[in-house]
Amino acid sequence: MLRATLRSFLAHRGRLLLSALAVVLSVAFVAGSLIFSDTVDRTFDRLFASRSADVTVEPRGDLESSVPSGAVQTLPASLARELARVDGVAAAHADVEVGDITVVDSGNESVGPTTGAPTLARDWHAGERSVVELASGRAPRGDGEAVLDADTADAKGLGIGDTLSVQAQPGSFRVEVVGIAAFTTTNPGAARIFLDPAVAAGRLLGSPDRATSVSLDAAPGVTDAELKRRVTAGLGGGAYEIRTAGEQAETAADELGAFLDVIKYVMLGFAGIAVLVGVFLIVNTFSMLIAQRTRELGLLRALGANRRQVRRSVLTEALLLGLAGSTLGLVAGIGLAVGLIRLMSAFGMRLETAEMVIRWATPVTAYAVGTGVTFVAAFLPARRAAAVSPMAALADAEIAGAGRPLRVRAAAGSVVGALGAAALAGCAAADETSSAASLLGLGVVLTLVATVVAGPLLVRPVIRVLGAGFPALFGAVGLMSRRNALRNPRRTGATAAALMVGLALVTGMSVAGASMSRSFDEQIDRTLGADFVIQNANFKPFPQEVTDRVRDTEGTGLVVRQRFAPVAVRLPDGQRVETTAAGYDDRVDDVARVTYARGGTAAALADGGMAMDAGFAAEHGVRTGSTLPVEFPGGRRTELTVAALTDMAGGDGFGMRGGLFFGIATVEAYVPGGQDSALYVNAAAGTSTAELRDRLESALDAYPQVQVRDQADYKDLVHDQIAVLLYLVYALLGLAIVIAVLGVVNTLALSVVERTREIGLLRAIGLARRQLRRMIRLESVVIAVFGAVLGLGLGLVWGLCTQQVLALEGMTALAVPWSTVAAVVVGSVVVGIVAALLPALRASRMNVLEAIAYE
């Protein structure tokens, strides 16, 4: 049996090739993502381990916020001298480092990275643990001098003698580049500028007596953990975060991991789609091979092979396919990882392919995925093979099992579909986002499974409708193509399912994306009343001088500032909620349309008052007049009275749970050193908005990171951000379509082999080659359109339910992108035509006499 299995596998290797491609794709994405993430992890572990001091003392970061306030947490620079006296400290250094500054060249162009990585400024301290060393020039001495990192200098064409403007929180200042520093380790993609330690604190923090951290070197014989214990005992630890080198490196790696996980999970998403769609392809392949080998299997049974041996034979073929596909996929995954490493290098993150990491878990996972997918996909065909009777050796069955009833599928599909429909109905009726999202996920999975299981039941009624015009348009050829698609509902359903998955995903996400875009458009129209909004391109805060320039611009009327602050609020129900609050100037009603359930803007912005979203307040037992303890960064605390309840859709969006806001004076009092995040600007009387825009853009020319946006710009910005998500979905769709095309090609190719005698007889009685090719193309098109119809129907239902979840977050508008729907239908026709090209060509070249010969 083993020899027979190996001979069978080698005899059908051409038919298994397309199925192997699906395995290769899925394994390649899994292996590539693991290799890439492991390589980056090790690279940055080395970076953080090499640059971390034995012990680092930092201000305690007690509040998390997804929206920055612009304030830099500092500690006294004198703390370094105090800690130098702790037993076991060999050296102490007060560090100054700030992120998200802007550095501009003489042409008012930003020299920072365009990939989202930060621009960092710090004091020049070239020690053993420094990540850079002086490559040319000299160290900065005194005010007005700086060292620039070599990668930024090369990318922007800068060198020694060039003048730069540094825009930090205390204000802008100019420096001359006197040195170029090369990285001694991996450059994570950030731009770096270094100042003289004597002036860095004053320029970057606004006070020479402040620092952002203190680095401590341990004396010989003192471990990091022991030094941390002694420092903690000396400081009491309350206001400071004290970490060893290992802990500091782990914290830095965790922060970077959030970015890297995005890449990893995107690639694993591609792998998941490839695996899911590949399963349909492999099941179809083995099912058809089993059907074509009915007589062969029957002969094996007649010669003495039992059911277990036949089943084992088919599963062995599947494992061989999985091993071959996994091996090729692992090689392809290594190539994919190399490409990603080089791509990241092109974006400024310097990674070396020579240091690529392939841990033992990667090949194990690759082979587990590849062999697991093929084994699972071949299990049902193997069971059918084991059920072949020895009498089948005497039969001349064309397609074994083609006419078996679908009662089991109907029952299983109905039960699973009913559960999925109930979950989606529960999602639509839910009034909490978390429960609605959970029910949506469950409903999507169950309805997808139900459609796959019950898909063959829909083949005959749907394809009869889709192909109703074929006889009239194409005559007998059209009639035969429709009948061929109807001949084996199981095969047609499995072939179409691969395409259905991708199209359902893209349709559902397109409906969600279009609904989000329309909701944001309506929300902007409803709430934004300012002529212009001044913001950083990356929504980060900007220095005070930007606000001053806007106010001093001719034609500027009202200017309302917005600042953000991380806060923690203790609610009446006992919960402590960490969120982000906003602070506004008076007259915010003139630039924004805020609706209130109780109270008003004047009360909300008054000293000691604040506003809260009415729904959030009701959930936690808050009423107007409730006084709540509020905690700000640095341990600053106060009590604020809820003076107004807003009735604004989407009050809990963008990481600002609770919709809290108050007067900007409150932010200035409890978050000193904060910066404005947005300016809402109206034109003065007698100045047109076009004139004011030109003047504002001219006044802010030295600040390339700052954008002047009106309502249309805001809408375009939101649309672009949503489009990024949709592009990812479209990429997933592209992968699904590639594998689906392989599935249709595989099905038609095997079908041509299966119908060799039939095709030969048709040719013998006068069917022309051109007519034969048209018949196979029409069969392919109707199968592809059938998959598209199922995918569109399923995707529209998913999209409608997703919109219901979004409505709970205030995005209540529903939009169906009919242009996308039309493009999907047209695209499915194209997919069908392309997939049929090779099978149709092969069928038309078949030798008629050999085809009709009987052994």
Original post:
Take atom CG in L838; do more than 12 heavy atoms of anything else shown fall under 6.0 Å from it?
Top reply: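 No.
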Original post:
Quick one: side chain to side chain contact (heavy atoms under 4.5 Å, CB included) partners of V825, sequence neighbours excluded?
Top reply: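 For V825, the residues satisfying side chain to side chain contact (heavy atoms under 4.5 Å, CB included) (neighbours in sequence not counted) are L792.
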Between [X] and [Y], is there a donor-acceptor pair closer than 3.5 Å when you use the side chain of the first and the backbone of the second?
X	Y	result
T327	L323	yes
T492	A485	yes
S780	I776	no

Compare every heavy atom of [Y] with every heavy atom of [X], then report the nearest pair and how far apart it is.
X	Y	answer
W798	A504	CZ3-CB, 3.6 Å
T316	R312	OG1-O, 2.7 Å
A332	V24	CB-CG1, 4.5 Å
L440	C801	CD1-CB, 3.7 Å
T374	A318	OG1-O, 3.2 Å
V781	V829	CG2-O, 3.9 Å

Quick one: are [X] and [Y] in side-chain contact, heavy atoms under 4.5 Å?
X	Y	answer
I35	I334	yes
L34	V30	yes
S326	V369	no
T362	D38	yes
L794	L448	yes

**OP:** List the steps and the verdict of side chain to side chain contact (heavy atoms under 4.5 Å, CB included) for L796 and V511.
**Re:** CA-CA 7 Å; L796 287 172; V511 171; 4.0 Å; yes
Subject >> Test side chain to side chain contact (heavy atoms under 4.5 Å, CB included) applied to V453 and V416, step by step >> reply: CA-CA 9 Å; V453 171; V416 177; over 6 Å; no
Rounded at 0.5 Å granularity, tell me how far [atom1] in [X] sits from [atom2] in [Y].
X	Y	atom1	atom2	value
L808	S434	CG	OG	9.5 Å
L315	F375	CG	CZ	4.5 Å
E432	S438	CD	OG	10.5 Å
I783	I463	CD1	CD1	6.5 Å
L457	T451	CG	OG1	11.5 Å
T365	R359	OG1	CZ	12.0 Å

